[in-house]
Amino acid sequence: GLLLACGCYAFPVGEAVSAGRAAAEIRNGVARSGGWTQRPLGEFPQPESGLDGLGEFIPYYYIDHDFELAAAWQEGNFRPFNEMGRMYGERFSSRLSLRAAWQPARWLYFGVVPEWYYGDAVKNGDPDREAVFHEAFARLSLGRTWLDFGRFPMWWGHGEHGALLLSNNYRTRDTLRISTATPALLPGLHALGLFRFTAFVSDLTQGTGDWRYLGGMRASFRPSPSFEFALSRTFVFPGPGDGGAYSAFIDALLYKSGSAADHKTAIDFRYAFGGAVPAALYAEMASENKPGDWGGPLALLAGGAVFFPVGNNSVKVSVEWADVNLSGDGTEWYGANYFFRGDSVGHHAGSDARDMFAGVALVDAGGRERLRCWFDREWRGVSAPDEEILTETGLEIVLERAAHWNIRLKFALQKTRNADGIPGASEKASIVQAAVSRRL
């Protein structure tokens with residue numbers, strides 16, 4: 001309990017099979033598979049450009065970093081996932097985004113990622129244009145500790161296609177987070193290896209009478225370069241109708257009876273195999289717990305990736321399976337409080353669901369995926385008489401036309417059987433995206 005009370009944070013580098021490849025991914029800002037956005041600034045250390053050759057700090061700022069102009073054409077009700085709550089209007093839509101950062105002092109850092117959307121209204125009452133800040137945060141460096149405040153995506157676990165407790169499937173919210181800046185050895189527990197921690201609180205309030213918060217903590221250990229495991233916990237408090245956010249947080253943290261909804265705990269691990277054909281296996285098991293009852297419904301996620309060398313590049317083959325509610329009795333593993341604007345905070349498949357993902361990608365020497373195709377199938381309402389089955393296939397190509405300039409093309413097709421649980425109902429949807437981006 002005390003260990004989880006401090007929590008831990010581990011970089012979510014799903015494709016890494018070595019520290020070198022992880023570093024290359026961080027430098028090049030590789031996009032998480034399944035999403036259309038680059039890795040968030042908030043997940044990585046501050047850029048090294050603030051130091052000169054002698055290690056002296058030089059104040060700096062930059063803009064037009066990861067500048068991107070994207071256009072999409074949608075037919076039907078396409079369901080995006082792991083895109084920070086994005087929706088696409090019928091027919092044509094466009095987005096313009098960029099990154100900017102300012103570090104006026106060694107201990108102070110600001111990052112911002114605004115995005116402007118223009119297109120048809122996604123739903124009745126939604127605007128046909130809006131500005132969204134997927135990231136807008138300030139970071140204080142307090143010795144070996146970071147204190148972040150603002151909005152930034154978070155992803156817990158090694159899943160490539162989903163995460164059980166925390167993912168970037170929902171729109172970012174105001175968050176206060178404390179985490180270690182660098183890995184450290186715990187006194188007397190050196191056998192557990194390097195460890196990191198994080199703890200956070202996010203505001204999930206959606207409107208009057210629905211004020212609520214999400215709290216979480218994670219402890220990650222790396223006994224060897226090849227093996228890493230972590231313990232995580234999240235909880236929603238105080239829930240509609242409760243009072244006193246501070247006291248509700250303390251009660252939820254201490255697992256007091258009736259203190260909060262959607263208590264969830266998880267353990268996950270990842271093991272990387274070296275050699276001529278690098279590979280990695282990972283898994284996450286989570287439980288929905290109530291105070292005084294640790295035998296709640298379970299959820300499981302497992303997957304792996306193999307990298308086959310092809311010249312200076314490699315072909316990555318990956319598979320992943322998720323079962324959200326192993327009890328199979330239709331229990332809502334994610335309660336209503338674990339959603340924001342209709343998007344799950346955890347796995348995008350939602351409750352009482354299963355998900356199977358398989359992908360093949362061409363990865364260059366810097367860890368960037370130049371070409372990838374995927375197949376994904378979701379079963380929703382698996383305990384219902386007529387479960388909804390959604391199948392998605394897609395292809396994405398990244399072309400470098402000149403130094404720092406990229407062109408990305410993406411096509412995805414979705415087919416739904418027994419749509420909305422209606423027997424025999426079927427839907428088709430597709431989306432075509434093209435994006436031009438510039439990186440500094």
Side-chain angles (χ1 to χ4, degrees), residues 12-17 21 24-25 28-39 68 70-76 78-83 86 88 155 158-163 167-169 277-282 301-322 347-349 354-379 389-401 406-417 427-437:
V13 184
E15 294 81 10
V17 294
R21 176 164 290 174
E25 288 189 349
N28 293 294
V30 177
R32 174 177 294 282
S33 293
W36 188 246
T37 59
Q38 300 300 307
R39 293 296 178 85
E68 181 172 276
W73 181 270
Q74 174 180 278
E75 292 284 351
F78 191 87
R79 305 183 190 180
F81 45 76
N82 298 337
E83 290 197 33
R86 279 195 184 93
Y88 296 89
W155 185 288
H158 301 287
E160 172 179 328
H161 185 61
S167 72
N168 60 6
N169 187 59
V277 182
L281 294 175
Y282 57 86
L301 183 149
V306 179
F307 294 80
F308 297 96
V310 179
N312 293 327
N313 302 321
S314 60
V315 175
K316 171 191 167 188
V317 179
S318 57
V319 294
E320 187 169 302
W321 169 264
H347 200 284
H348 62 82
R354 297 190 180 103
D355 182 86
M356 180 184 69
F357 170 82
V360 178
L362 179 65
V363 184
D364 67 13
R368 293 166 293 190
E369 294 184 354
R370 295 299 188 184
L371 170 68
R372 69 184 185 95
C373 56
W374 66 91
F375 173 87
D376 181 53
R377 175 165 290 179
E378 290 183 8
W379 294 264
I389 303 176
L390 183 149
T391 302
E392 177 180 307
T393 54
L395 172 69
E396 184 176 272
I397 303 173
V398 179
L399 305 172
E400 277 197 353
R401 304 301 300 173
N406 280 348
I407 298 175
R408 294 190 290 135
L409 306 173
K410 176 181 177 181
F411 171 76
L413 173 67
Q414 291 182 347
K415 297 180 179 180
T416 305
R417 194 169 66 204
E427 293 181 355
K428 291 185 178 180
S430 61
I431 192 168
V432 178
Q433 294 175 310
V436 177
S437 61

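Basis for what follows: all heavy atoms, side chains included, without hydrogens, waters or symmetry-related copies. Numbers for residues simply follow the sequence, beginning at 1.
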Discussion item. Parallel, tilted or perpendicular: which one describes the rings of His161 and His348, with boundaries at 30° and 60°?
Written reply: perpendicular

Discussion item. So Glu427 and Lys415, do their side chains get closer than 4.5 Å, heavy atoms only?
Written reply: no

Item to complete: May I have the step-by-step check of side-chain contact (heavy atoms from CB on, under 4.5 Å) for Trp379 and Asp355, ending in yes or no?
Response: CA-CA 6 Å; Trp379 294 264; Asp355 182 86; 5.9 Å; no

Discussion item. Rounded at 0.5 Å granularity, tell me how far CZ in Arg368 sits from CG in Asn406.
Written reply: 7.5 Å

Practice prompt. List the atom of Asn313, the atom of Asp364, and the distance in Å for their closest heavy-atom pair.
Written response: OD1-CA, 3.2 Å

Fill in: Side-chain (Glu320) to main-chain (Gly162) donor-acceptor, under 3.5 angstrom
yes

Practice prompt. State, to 0.1 Å, how close Ala429 and Gly76 come at their nearest heavy-atom pair, and which atoms those are.
Written response: CB-C, 3.9 Å

Worksheet entry | side-chain contact (heavy atoms from CB on, under 4.5 Å) assessment of Thr416 paired with Ile389 | CA-CA 6 Å; Thr416 305; Ile389 303 176; over 6 Å; no

Discussion item. Looking at Tyr88, is its backbone amide N or carbonyl O close enough to the side chain of Gln74 to form a donor-acceptor pair, meaning the two atoms are under 3.5 Å apart?
Written reply: yes

Item to complete: List the atom of Ala434, the atom of Leu409, and the distance in Å for their closest heavy-atom pair.
Response: CB-CD2, 3.8 Å

Worksheet, complete the sentence: Heavy-atom closest pair (Tyr282 atom, Glu160 atom, distance to 0.1 Å) is OH-N, 3.6 Å

Discussion item. I want to check something: taking the side chain as every heavy atom from C-beta on, are Val315 and Leu362 in contact at a cut-off of under 4.5 Å?
Written reply: yes

Practice prompt. Determine the minimum heavy-atom distance between Leu413 and Ser430, stating which atoms define it.
Written response: CD1-CB, 4.0 Å

Fill in: Nearest-0.5 Å distance that lies between atom CD in Glu396 and atom CG in Leu371
9.0 Å

Item to complete: Flag the pair His347 / Leu301 as yes when at least one side-chain heavy-atom distance between them is below 4.5 Å, and no otherwise.
Response: yes

Worksheet entry | Whether over 12 other heavy atoms sit under 6.0 Å from Arg417 CZ | no

Worksheet entry | Pair Trp374-Glu392, side-chain donor/acceptor within less than 3.5 Å | yes

Worksheet item: Do Lys316 and Ser318 have side chains that get closer than 4.5 Å, going by heavy atoms?
Response: yes

Worksheet item: Of the non-hydrogen atoms in Arg86 and Pro80, which two are nearest, and what is the gap between them?
Response: O-CG, 3.2 Å

